[in-house]
Amino acid sequence: MAAVLLGLLLFAMQSPPVPSRPTADEGPPPPPTNGTVGHPNGTLQQLPQIIIIGVRKGGTRALIEMLSLHSSVAAAQNEVHFFDWETHFQRGLPWYLSQMPYAFPDQRTVEKTPAYFTSSKVPKRIHQVNPDIKLLLILRDPTERVLSDYTQVFYNRLQKHKHYQPIESLLVKDGAINLGYKALNRSLYYLHMQNWLQYFPLENLHVVDGDELIRDPFPEMKKVERFLELEPQINASNFYFNKTKGFYCLRDHGRERCLHDTKGRAHPRVAPAILQKLYQFFQEPNKKFFELVGRTFNWKMNG
């Protein structure tokens with residue numbers, strides 16, 4: 001018996017070590033340093049070359065859906081919130097890359113997170129990742145955007161059977177515009193644009209007129225194509241007006257689709273005197289924004 005044990009011990013000492021192999025449950029390898037992850041069918045995940053940075057309730061969903069009509073664009077379907085949410089940002093670029101769609105090498109990847117525009121830390125973070133990135137910003141009349149903002153929150157709280165405040169009590173406090181209302185701050189476009197222009201030149205950022213995109217999307221999308229230097233593909237036949245919904249829907253290779261029913265909901269009625277206060281409040285901020293971007297928009301200045 002002792003001889004058998006001695007033989008086994010000698011065998012174990014002489015056997016070469018077995019090289020370690022990754023097990024099936026270790027997960028995929030980390031992405032290579034060039035910012036892409038490949039797939040056997042020739043597609044790959046890549047960090048976005050285009051980001052729709054905002055603004056909330058400005059028409060970002062419509063913009064990314066319309067941009068997806070172009071064959072050279074691959075769009076992330078969900079809002080990623082990488083640069084503005086600390087829990088996501090701390091996961092690093094490998095996690096961000098994993099949120100991107102698989103795209104062919106000749107396609108460009110786009111993601112949209114409307115909260116980026118109004119987050120003070122985001123411009124620097126995006127610049128550190130890609131200083132040459134193309135940025136799209138879609139804006140609406142700031143008063144209309146505030147009302148849309150309130151409408152979204154109102155319906156969300158209604159569905160959850162939660163208390164909601166009348167819009168007048170949020171807009172006005174002690175007879176003056178309530179500067180503490182976050183929805184108002186989001187419509188002070190010049191404040192946020194100043195921050196972005198510290199890191200990116202205007203040549204890298206295109207402002208889409210969200211009100212015009214609603215009225216007549218085709219001309220606005222041609223401007224987007226030119227800014228992104230995409231081959232002209234999107235045409236007037238890609239859009240048709242849906243009389244039932246009251247806004248334009250999309251037609252792509254015979255397939256028709258519209259935005260979700262939550263889009264285009266009626267705004268609450270606001271007293272004319274309060275609306276007039278809003279229009280007057282935004283007059284100076286709007287002028288400052290026009291000066292920053294070197295163009296004007298057809299936004300209401302009075303009732």
Side-chain angles (χ1 to χ4, degrees), residues 35 47-64 67 75-100 109-153 156 170 177-210 224 227 281-282 285-286 288-293 297:
L47 293 176
Q49 299 94 343
I50 307 161
I51 298 182
I52 298 172
I53 59 173
V55 64
R56 173 181 159 115
K57 306 311 298 175
T60 58
R61 172 51 59 186
L63 178 57
I64 200 168
L67 191 53
Q77 290 305 304
N78 299 316
E79 293 177 8
V80 183
H81 286 283
F82 176 66
F83 294 101
D84 62 323
W85 288 4
E86 290 305 315
T87 51
H88 288 176
F89 191 69
Q90 294 305 320
R91 294 180 182 182
L93 287 178
W95 180 86
Y96 186 42
L97 183 60
S98 74
Q99 305 304 300
M100 296 301 122
T109 297
V110 58
E111 75 115 325
K112 74 124 179 152
T113 301
Y116 285 166
F117 180 59
T118 55
S119 175
S120 60
K121 59 196 171 187
V122 168
K124 181 179 180 180
R125 288 178 171 181
I126 293 180
H127 187 267
Q128 288 172 336
V129 172
N130 183 0
D132 298 317
I133 199 161
K134 294 284 190 178
L135 303 170
L136 291 172
L137 171 65
I138 180 166
L139 300 178
R140 295 186 64 197
D141 181 307
T143 299
E144 288 296 312
R145 201 219 60 80
V146 169
L147 300 180
S148 291
D149 204 318
Y150 172 83
T151 302
Q152 176 172 301
V153 174
N156 286 346
L170 292 169
I177 291 295
N178 179 17
L179 299 179
Y181 183 31
K182 288 183 179 179
L184 278 171
N185 178 271
R186 294 187 189 107
S187 280
L188 293 174
Y189 302 145
Y190 85 96
L191 280 179
H192 309 296
M193 181 60 83
Q194 284 176 333
N195 191 27
W196 284 89
L197 293 180
Q198 288 183 44
Y199 297 93
F200 295 97
L202 267 177
E203 292 74 28
N204 283 46
L205 196 155
H206 175 67
V207 182
V208 180
D209 189 327
V224 172
F227 168 72
F281 171 76
F282 282 121
N286 288 351
K288 290 179 180 179
F289 178 75
F290 298 163
E291 290 171 4
L292 275 178
V293 299
F297 293 80

Is any side-chain heavy atom of [X] closer than 4.5 Å to a side-chain heavy atom of [Y]?
X: P48; Y: T109; answer: yes
X: R145; Y: Y189; answer: yes
X: Q99; Y: H88; answer: no

>> Using a 3.5 Å distance criterion without hydrogens, assess whether the side chain of D84 forms a donor-acceptor pair with backbone atoms of Y116.
In response: no
> Any donor-acceptor pair under 3.5 Å linking the side chain of W196 with the backbone of F117?
Replying inline: yes
Minimum-distance pair of heavy atoms, taken over all atoms of [X] and [Y]:
X: P142; Y: S187; result: O-OG, 2.9 Å
X: N195; Y: P123; result: ND2-CG, 3.6 Å
X: I64; Y: A76; result: CD1-O, 3.7 Å

> Which residues satisfy the ring-ring contact (aromatic ring centres under 6.0 Å, His included) test with Y96, sequence neighbours excluded?
Replying inline: F82, F83
When rounded to the nearest 0.5 angstrom, what is the spacing between [atom1] in [X] and [atom2] in [Y]?
X: K288; Y: M193; atom1: NZ; atom2: CE; value: 15.5 Å
X: I133; Y: L47; atom1: CD1; atom2: CG; value: 8.5 Å
X: I51; Y: L205; atom1: CD1; atom2: CG; value: 11.0 Å
X: E111; Y: N78; atom1: CD; atom2: CG; value: 10.5 Å
X: T143; Y: F281; atom1: OG1; atom2: CZ; value: 9.5 Å
X: Y150; Y: K57; atom1: OH; atom2: NZ; value: 14.0 Å

> What residues form a side chain to side chain donor-acceptor pair (under 3.5 Å) with Q49, not counting sequence neighbours?
Replying inline: Q46
>> Checking side-chain contact (heavy atoms from CB on, under 4.5 Å) between F297 and each of L139, V207, D141, which is the one that passes?
In response: V207
>> I need the full list of salt bridge (charged side-chain N to carboxylate O under 4.0 Å, His left out) pairs touching residues 178-197, with sequence neighbours left out, sorted by first then second residue.
In response: D149-R186
> Quick one: salt bridge (charged side-chain N to carboxylate O under 4.0 Å, His left out) pairs with a partner in residues 189-206, sequence neighbours left out?
Replying inline: none
>> Give me each pair satisfying side chain to side chain donor-acceptor pair (under 3.5 Å) with a member in residues 119-131, each pair once, sequence neighbours excluded.
In response: E86-K121, E86-R125
The criterion is side chain to side chain contact (heavy atoms under 4.5 Å, CB included); which residues satisfy it with [X], sequence neighbours excluded?
X: F227; value: K134, L136, H206
X: E79; value: H81, K112, T113, P114
X: P285; value: L188, Y190
X: L202; value: L197, V293

> Under the side-chain hydrogen bond (donor to acceptor under 3.5 Å, both in side chains) criterion, do R140 and S148 qualify, and how do the steps go?
Replying inline: CA-CA 10 Å; R140 295 186 64 197; S148 291; 3.2 Å; yes
> What's the verdict on side-chain contact (heavy atoms from CB on, under 4.5 Å) for I53 and V122, showing C-alpha distance, side-chain angles and the deciding distance?
Replying inline: CA-CA 9 Å; I53 59 173; V122 168; 5.9 Å; no
